[in-house]
2 protein chains.
Amino acid sequence: MAKFSKELVGATSIPIILSILSTKESYGYEIIQSVKKISNGQIEYGDGTIYPVLHKMEKKGLIESFWKVSENGRKRKYYKVVEPGIELLKLEKENWLIVNQIISKLWKIEPNLT
Amino acid sequence: MAKFSKELVGATSIPIILSILSTKESYGYEIIQSVKKISNGQIEYGDGTIYPVLHKMEKKGLIESFWKVSENGRKRKYYKVVEPGIELLKLEKENWLIVNQIISKLWKIEPNLT
DNA sequence: AAACATACATAGAACTTCAATGTATTGCAA
DNA sequence: TTGCAATACATTGAAGTTCTATGTATGTTT
């Protein structure tokens, strides 16, 4: 997969997916494409990564899924974020900013803040 | 422990410890105190967190340990970072900056990088 | 002497990761 | 028409990770 450590991937996959779904509902394959595009190819989730994470998020009540048929007849499992997911996303953002400040202080670089 | 998710803790513990050890050699208990101080109490590693991570880092050849006796007779296991650890720290920094930019773009926060 | 802080260690239950493998369907090139 | 690639979702399980709980030990303070 990508060059990032699995720890970093593990720590950011849910926040990233929640962010994408908070702008519009999407399906697994498209989410993979979105992340690849947004990261200029730096992050590339595999099937074995995205689907278990989506299933876990749904099980945790962060997102909901529903099937749709596209215009060419293709069946897709769409996901949309629900309230608990929105709340978690806010929390993840706050925490990320805090940790980023700590790390920036440690590394003597300017943290990015609003 | 702290309020951060274990994923975020897991993704940042090694880079943070490497950073601390890159400024001066230290021992477990002191590293815990340093991190707590730098983060204003936001991050608080427990014994069960810090020692397994230090052992893993040593096993991976990132750091080396040696015992010292302090002025009051107390034996302490000091750790110092070695070349592979320096290299990994550079990599972790780069990756963190990249991921931070991706996340910031996603969250519409202006990243401000050196 | 007891309590607390300091100091290091480990077990193991619970959880996580993701490559490998699977099934399925549509579009396109040969 | 066939074969391949892209699209699309799914699951297993080996390997790894997390961290509470518990342990031992020692110096300092009460």
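Below, chains carry the letters A, B, ... as their sequence lines are ordered, and counting in each starts from 1.
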Task: Nearest-neighbour nucleotide for the A:Tyr29 side chain, C:dC18, D:dA8, D:dA10 considered - done: D:dA8

Open item on the list: On the nucleotide D:dT7, are OP1 or OP2 found under 4.0 Å from the side-chain N or O atoms that A:Arg74 carries?
Closed with: no

- [ ] Ignoring backbone atoms, test whether B:Tyr51 places a side-chain nitrogen or oxygen under 4.0 Å from the OP1 or OP2 oxygen of C:dC8.
- [x] yes

Open item on the list: Does D:dA10 have its OP1 or OP2 closer than 4.0 Å to a side-chain nitrogen or oxygen of A:Lys77?
Closed with: yes

Open item on the list: Taking the minimum atom-to-atom distance to the side chain of B:Val9, which one of D:dC9, D:dC19, C:dA7 wins?
Closed with: D:dC19

TODO: When you get a sec, tell me which of C:dC15, C:dT17, D:dA8 is the closest nucleotide to the side chain of B:Lys6?
DONE: C:dC15

- [ ] Mind telling me whether B:Phe66 and B:Tyr78 have parallel, tilted or perpendicular rings, with 30° and 60° as the class edges?
- [x] parallel

- [ ] Classify the ring geometry between B:Trp96 and A:Trp107 as parallel (under 30°), tilted (30 to 60°) or perpendicular (over 60°).
- [x] perpendicular

TODO: Check whether any side-chain nitrogen or oxygen of B:His55 sits under 4.0 Å from OP1 or OP2 of C:dT10, and answer yes or no.
DONE: yes

Open item on the list: Among D:dA25, C:dT16, D:dT28, which nucleotide has an atom closest to any side-chain atom of B:Asn72?
Closed with: D:dT28

Open item on the list: Is the phosphate of D:dT18 approached by B:Lys56 (side-chain N or O, under 4.0 Å from OP1 or OP2)?
Closed with: yes

Open item on the list: In this structure, how many angstroms lie between the C1' atom of D:dA6 and the CZ atom of A:Arg76, rounded?
Closed with: 12 Å

Task: Side chain of B:Thr49 (C-beta onward), nearest among C:dC8, D:dC19, D:dT11 - done: D:dC19

Task: side-chain N/O B:Tyr27 vs C:dA7 OP1/OP2, d < 4.0 Å - done: yes

Task: Shortest side-chain distance from A:Asp47, nucleotide among D:dA10, D:dA25, D:dT17 - done: D:dA10

